[in-house]
Protein chains: 2
Amino acid sequence: MGRLTGGDPSLLRRINSAVVLHALRGAQTPTLTELVHSTGLSRPTVEGVIEGLTESRLVVEVAPEPGDARRQGRPARRFRFHAEAGHLLGIEIGAHRVRAVISDLGGQVLDSLGLDVAESAGADDRIERVRTVVADLLRKTGVARSTLWAVGVGSPGIVEANGEVRLGTALPGWTGLPLGERLQRSFRCPVLVENDANVAAVAEHWKGAAVGTDDVVFVLAGLSPGAGSLIGGRLHRGFGGAAGEIGALHLLGRGVTPEHLLSTTGTPLHPLDEPAVARVFALAKEGDVQAKDAVERFLQRLVHDVAALVLAIDPELVVIGGWAAGLDGVLDPLRSELARYCLRPPNVVLSALGQEAIATGALRLALDHVEEQLFAIEQTSLSRL
Amino acid sequence: MGRLTGGDPSLLRRINSAVVLHALRGAQTPTLTELVHSTGLSRPTVEGVIEGLTESRLVVEVAPEPGDARRQGRPARRFRFHAEAGHLLGIEIGAHRVRAVISDLGGQVLDSLGLDVAESAGADDRIERVRTVVADLLRKTGVARSTLWAVGVGSPGIVEANGEVRLGTALPGWTGLPLGERLQRSFRCPVLVENDANVAAVAEHWKGAAVGTDDVVFVLAGLSPGAGSLIGGRLHRGFGGAAGEIGALHLLGRGVTPEHLLSTTGTPLHPLDEPAVARVFALAKEGDVQAKDAVERFLQRLVHDVAALVLAIDPELVVIGGWAAGLDGVLDPLRSELARYCLRPPNVVLSALGQEAIATGALRLALDHVEEQLFAIEQTSLSRL
């Protein structure tokens, strides 16, 4: 516990700036008087803050509105948050593709771009592919690299806080890769790396199927599912960043690998061979008995994994994403089995963001970082108490 | 976001009181001067606060220490937190017994008492047994009921925030029971009810095997295990209070009930028949083949349940408690299997509190409630910002 004494004038200025910026984002194009009312600060304070924010290009003055003419003299000046002052990137690194999305400082998406990458590509080639998609997207949107404020990255594997991939068996050469450090070389702004299922959970909470729901498990459903969880609206990474890596559960005392689950021939499917899996589902739909059995085994495993997550964490909502979310007949068995076995069954829905979930969540990571700097100063300062 | 304007003098007084109380608890018997230094408050402020706290019996003056004599005049006055000004109760309600532990306002345990209760006892009889153990403990310690500041209760089942048991199949008549309300009739202070595994997790973190470890899963290991989790040092209840109720995982698509797992005859064991289970373990130790198989099945299930919790939550530490923790050969298979299948295996240890864990955790719940009132005022006030 600290002391509630004295005062730090520069801290106070930063708090006032954050308060005014926050008010500016909450309103459309407020006048000085409206800002004085919404912030509770004095008029000279607001004027001083606006001046400083204008100098640092975070605030711009806008044209007066039609009804703004005062009885006497000039109309009241109006201001807005200058979201175009900087940009943010969200990057997905996957087994078959890399993807980037770009937004302004307010998180408004400008554009996105994806590139295929060979499943067998090594770490250097995959990272090179990331650099290419970023360069292409910047060129396409005409955004200067120097205006980037933060870059978020979603990657398979267990990712350390320093951006190193502790364990990543899904991609060749990924385990032990200092991914954050490697990508950092392309940017002058902070690069934040996080597990793909984790950022997808963040994305669905931001603008997908979990908006307004703070206790969510997002399942990246595939041959070996991973999951990301929000608890009380905050990402739950786990002590070592491995929370939700439920894939190993079925290996315990059984030895049935996921690649065997969906095989109709006894020969295991390649874990990342999504088209082959989709073919098995299509065959099952046509009535093929072996394919139906394989799909049944796959669904049983998915139900079991999701049930384990639900029983451990007790979320309000489960969002099913990843490629398996695109297959028919995934949702119903999940709902009925969870309702049967969970003491408090959660709602179960499909991802609303689909293929965009991971890059979008990575973008949100970058946005969180910037907002922390711009708007959350009061929290930082108060936590000193 | 609020405003950093104005000032609330009564709020300031409360903050100052909390700061002084906190400093008093951190030191042994500080002098006024020492309190002025440790709090950063002015001498008149500290004097005023001490006067108020003395009037409300939360602070008492103690005799000066040998070296306290000043060069001139009287020795400096010394004070201490008056922990005896009130008392707290922690109550465990179990299948075979009820238990109560009593402490002072500082959480210092004075005494505890347990009573057997029939497994078949209905809710009324079980609650009556709780009232008896509390009355006996108060009599034994000479503590007046009117000095109780808060009562914590640990019970099996999913417990709602209002103290109602949403689902509690372990005890007859427990589901739907307004447990908090029923117990409240015996007390004039707040009664807080929580799931037994949850409070046991809190207890191990407070004074057991998880001291200093903020990311913990506590497993109440029995025929049907339950678990409580701390995430970042805080109890994770889940959206509906059902987090950690992992017992149903093995029913999924199998139909093997826990009662069959440890049976050596094909006839299911009663789920709460702990002596029968202990006999199976003893037989296995003597080399009985059927008993060894049963124990193996039991351990496999425990490993699987704990693995599910660990993969979902990724704790730093797993604490194994409950009656199964007292059986030989539980810890080693857990450690080796978790190390094999978890991407980041946690430490696994036995409960340090054993039979005291649930009542102790319930006591900590009561203590948390009181500390929130006494010492955490600054957090309450700052969260308004």
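Letters go in sequence order (proteins before strands), and every chain restarts at 1.
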Practice task
Below 4.5 Å from any heavy atom of chain A, which atoms of B/I158 appear? Answer side chain, backbone, both or neither.
Solution key: side chain
Handout entry: Region of A/R237 in contact with chain B, defined by heavy-atom distances below 4.5 Å
Key = backbone
Handout entry: Side chain / backbone / both / neither for A/I231 at chain B, heavy atoms under 4.5 Å
Key =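 Side chain only.
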Handout entry: Nearest non-hydrogen partners of A/L309 and B/A312, listed with the distance
Key =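 Minimum heavy-atom separation between A/L309 and B/A312: CD2-CB, 3.7 Å.
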Exercise for the section: Keeping the roles fixed (side chain from B/D314, backbone from A/G240), state whether a donor-acceptor pair exists under 3.5 Å. Expected result: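 The answer is yes, because a donor-acceptor pair under 3.5 Å joins these two groups.
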Practice task
Take B/R344 and A/L167, measure what side chain to side chain contact (heavy atoms under 4.5 Å, CB included) needs, and give me the verdict at the end.
Solution key: CA-CA 9 Å; B/R344 207 207 52 74; A/L167 193 69; over 6 Å; no
Handout entry: Most chain B-contacting option - heavy-atom pairs closer than 4.5 Å, from A/G238, A/A243, A/A227
Key =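 Winner by heavy-atom pair count: A/A243.
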Fill in the blank from the handout: Value for CG (A/L311) from CD1 (B/I246), rounded to nearest 0.5 Å, stands at 5.0 Å
Problem - Interatomic spacing from CG in B/D214 to CZ in A/F239 - rounded to 0.5 Å - result: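 Output value for this atom pair is 9.5 Å.
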